[in-house]
There are 2 protein chains.
Amino acid sequence: MGDPGVTSTDRQATARRTDDDSARERVLRAADRLFYDRGVQAVGMDELRAASGISLKRIYRLFASKEAIVEEVLRHRHELWEAGISAAVSAAAEPRERLLAVYDFLARWFDDDGFRGCFFINSFGELSGTAPRVTELVRAHKAGFQETVARLVAEAGGPPELAPQLAILAEGAQTTAAIAGTSEAAGQARAAAETLIDVALRPARNRAA
Amino acid sequence: MGDPGVTSTDRQATARRTDDDSARERVLRAADRLFYDRGVQAVGMDELRAASGISLKRIYRLFASKEAIVEEVLRHRHELWEAGISAAVSAAAEPRERLLAVYDFLARWFDDDGFRGCFFINSFGELSGTAPRVTELVRAHKAGFQETVARLVAEAGGPPELAPQLAILAEGAQTTAAIAGTSEAAGQARAAAETLIDVALRPARNRAA
DNA sequence: TTGCGCGGAGAACGTTCGTTCTCTATGGTA
DNA sequence: TACCATAGAGAACGAACGTTCTCCGCGCAA
């Protein structure tokens, strides 16, 4: 090529790097689906190899261990979640609607085919007793959501106590929808959130007992 | 003894039955603690044998399989839960306080040493992908709780929509407390429940936007 | 064309799992 | 005392796990 500094071995290294990137992505995509659908421990590495089309040798050159793959999947899901929430919130202009957009986002998610609850909650139940790093990632993910809600509440001029209440509604909707196998919990949580928001944003005289 | 109809083999059978009962109980108690603390799949049958003091041979005469033990533990936890909720609710007289007693019950539970979330939610996350009977038991347990709340709401004269909202708050508090490792979610859920109850029981003019 | 290094497929390894079986001892019954 | 059913301890089993290794073939440099 035109660049005299780029040697043949450089070009090889670059090609390998992009190959590795796409292989990583294929492994992570397959792991995400398998782990989410059936649980981490129920999926063997050989099944992950078959689903991803990447040989075991290569998988273990790309990742240190199965647990490292689990952690990477959690990180990826975290980014997807943050992006999804952010997009849903951005679509609304009024502060109150921006808060409620969280529950509309949940409703669309619950209606997905193959929805099986929150992967973080599921992983916590399965692995928190034996995998401290997983526990840490789950905790960080949920703490991040609490912060997001707290920021939205502050922007709406609501009191700080409102934020954890709205977050708890979202968490409860996720487990309720997953276990019941229906999506109605999203609307129920949304209705409760409306009430809580309206009461919190109303003058104090209406809040007293 | 005095009863001429009681033969020697009858007496043997009776003795065996009570021995079996206490052995079953020991296995179930050990299984409950181990499965809850570390997850079902992380605990081997040999560890259950060591913790219960019952030989593997006897365990497998008392239970058909490891999964049968898991199901029995879930059934036992379900009874404990119903009894606990029932006792907490009974301690209050006013309909509103009876509803809020649910969250006080949660608060005491969250403060227990070794609290690690709801065993049903955890088991769902770990096993629902592979064990349909477990999924069924978890679903039945949560449906029972929804019914309990619905009954309390009806007794308080609240509208039917209030019940799932309060149930979702309880579910969310459980996962939030488990993952965060703190018990404050119980109080936050209780505060939200107070607001929702008060609004629902107040004349309609205050509920409109 | 001849080496050479990296690739993939999948066999193999050592563990560990859930479950069953063997062996020995023991306690009650005739 | 002799017998028999049952108990417990734990070895053994086949399967499956996560991880590593062996083998073979392809593609590039000279």
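Each chain gets a letter, A, B and so on, in the order its sequence line appears, and its residues count up from 1.
- Computed from coordinates, the A:Asp46 CG to C:dG8 P distance equals 16 Å when rounded to whole Å.
- Sequence order on DNA chain C of the closest nucleotides to B:Val40 and A:Arg49 puts A:Arg49 first from the 5' end.
- Between the CG atom of A:Leu56 and the P atom of C:dG10 there is a distance of 11 Å, rounded to whole Å.
- Counting to the nearest Å, the P atom of D:dA15 and the CE atom of A:Met45 are 23 Å from each other.
- Among C:dT19, C:dG8, D:dA7, the nucleotide with an atom closest to any side-chain atom of A:Arg58 is C:dG8.
- Annotation: cation-pi geometry not satisfied between B:Arg77 and B:Phe35 (NZ/CZ under 6.0 angstrom from ring centroid, within 45° of ring axis).
- Judged purely by atom type and a 3.5 angstrom limit, B:Asn122 uses its side chain to pair as donor or acceptor with the backbone of B:Arg116.
- A donor-acceptor pair under 3.5 Å is formed between the side chain of A:Glu126 and the backbone N or O of A:Gln41.
- Nearer to the 5' terminus of DNA chain C, by closest-nucleotide assignment, is the contact made by B:Tyr60 (compared with the other of B:Lys57 and B:Tyr60).
- Going from atom NZ of B:Lys142 over to atom NE2 of B:His78 covers 11.0 Å, rounded to the nearest 0.5 Å.
- For the pair B:Leu48 CG and C:dC17 P, the interatomic distance rounds to 12 Å; values are reported in whole Å.
- Residue A:Arg61 places none of its side-chain N or O atoms closer than 4.0 Å to OP1 or OP2 of D:dT20.
- As rounded to whole Å, 14 Å separates atom P of C:dG10 from atom CD1 of A:Ile59.
- Between B:Glu47 atom CD and D:dG10 atom C1' there is a gap of 17 Å when expressed in whole angstrom units.
- Atom-to-atom, CD of B:Gln41 to P of C:dT15 comes out at 22 Å; the value is rounded to the nearest Å.
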